[in-house]
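If you read the sequence from its start, that first residue is 1, and numbering goes on from there.
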Amino acid sequence: VAWTIANPTAFPIEIELVPGSADLRWSFRPDHVHASLDPGETRTVEFSATRPAAALAEPWREPVVTLSCDLRGPARRYPLVPRSMPFPLQPGFAPADAGAPRPPGSMDFDGIDDAVIVAPDACEVPDGPFTVEAWFLGHDFAGRRGLATRTESSEFGLFVSDGRPEFSVHLDGRYATAGPGDAVLAPGEHHHLAGVFDGREVRLYLDGRLVSARPAAGTRTRNTLPFIIAADVDRQGRPMSFFDGEIDAVRISGVARYEGTAFDPVHHPALDEKTLLLLDLSRRIGPWTPDASPHGAHGRVVGDPRIVATD
């Protein structure tokens, strides 16, 4: 992996790059690099990372490189806060691997810094009808809570802030929002939440019951931000407004899956030709939770959510 470091300041800087990992089976060459950069200078540093072939099971951890930097001022040195960056690994799971049978379980998010991030180019939802849905159990709904979102004056998202579910889609420059009606989420209870846009209206279903619908039409406003599970997304693509609880699965479909006032939600989402993304959050392979759809939109886990057994 090649890392390019630029010095944008008016002073010389000294840098140190050190590769490493919490998984001690990784080895690196070289084991560190020192360099000095004049003002405006750019330097490229290369590392190789190797690991014995083995199953990608816990406690597998990805490699990172840590950058330390001192700015050399006229009279003294100014150390900057070190920064760690993950190696840009790309998973190559096949759909059959991602959809392999697993014991019942879910991913438990702490509501502080845990989330799953799907890269923007891996999760493209075409214009027109679509459905986003999640199977979950909340521990604490107080405050603003994102459940499955890509919203930043654009796109769509499911929210469960203060226990009141909402589904929003940004159409022709403004949000169309369904919810919450009379629906209130209780901590400790399993729920299915689905947001549907069919080209004529947005609808929100909780546990198979229509709780809100409003007329809505237009072209969805796009962005280049990631789709984030268990949080909302900010303008820089970072998670915020974290969800506190367990999520079993998240599915995005290129069709309005549900209509009318009621339906019987399935306990486990299925894969079909209309599925754009299907994350079974009972599975974690290294830093990823694999996508069972053919699109390979594997989610990257941030923070340290736990896999827990469910009934």
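- With respect to His170, the side-chain hydrogen bond (donor to acceptor under 3.5 Å, both in side chains) criterion is satisfied by exactly one of Thr177, Thr219, Thr221: Thr221.
- With no hydrogens or angles considered, a side-chain donor-acceptor pair links His139 and Asp108 at under 3.5 Å.
- Formation of a donor-acceptor pair under 3.5 Å by the Tyr205 side chain with backbone atoms of Ala262 is not found in this model.
- Under a cut-off of 6.0 angstrom, the local environment of CZ in Arg200 is sparse, with at most 12 non-hydrogen atoms contributed by other residues, nucleotides or ligands.
- Residue pairs that meet the side-chain hydrogen bond (donor to acceptor under 3.5 Å, both in side chains) test with at least one member in residues 29-38, sequence neighbours left out, are Glu16-His34.
- Judged purely by atom type and a 3.5 angstrom limit, Ser212 uses its side chain to pair as donor or acceptor with the backbone of Gly179.
- Among all heavy-atom pairs drawn from Trp288 and Arg300, the shortest one is NE1-NH2, 3.7 Å.
- Between the side chain of Ser21 and the backbone N or O of Glu62 there is at least one donor-acceptor pair closer than 3.5 Å.
- Ion pairing between Arg209 and Asp182 holds under the 4.0 Å rule for side-chain N and carboxylate O.
- Heavy-atom neighbours of Arg77 CZ from other residues, nucleotides or ligands within 6.0 Å: above the threshold of 12.
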Pair His267, Asp248 - check side-chain hydrogen bond (donor to acceptor under 3.5 Å, both in side chains), show working. CA-CA 10 Å; His267 187 62; Asp248 301 340; 5.9 Å; no
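- The main-chain N or O of Met240 is never found under 3.5 Å from a side-chain atom of Arg144 such that the two would form a donor-acceptor pair.
- Counted by atom type alone, Asn223 and Ser154 present one or more donor-acceptor pairs between their side chains at under 3.5 Å.
- A cation-pi contact, defined as under 6.0 Å to the ring centre and within 45° of the axis, links Arg220 to Phe130.
- Put simply, the side chain of Ser84 reaches to within 4.5 Å of the side chain of Thr66, judged on heavy atoms.
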Please step through ring-ring contact (aromatic ring centres under 6.0 Å, His included) for the pair Phe156 and Phe197, ending with a clear verdict. CA-CA 10 Å; Phe156 57 90; Phe197 172 61; over 10 Å; no
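- At distances below 3.5 Å, not a single donor-acceptor pair connects side-chain atoms of Thr275 with backbone N or O atoms of Ser253.
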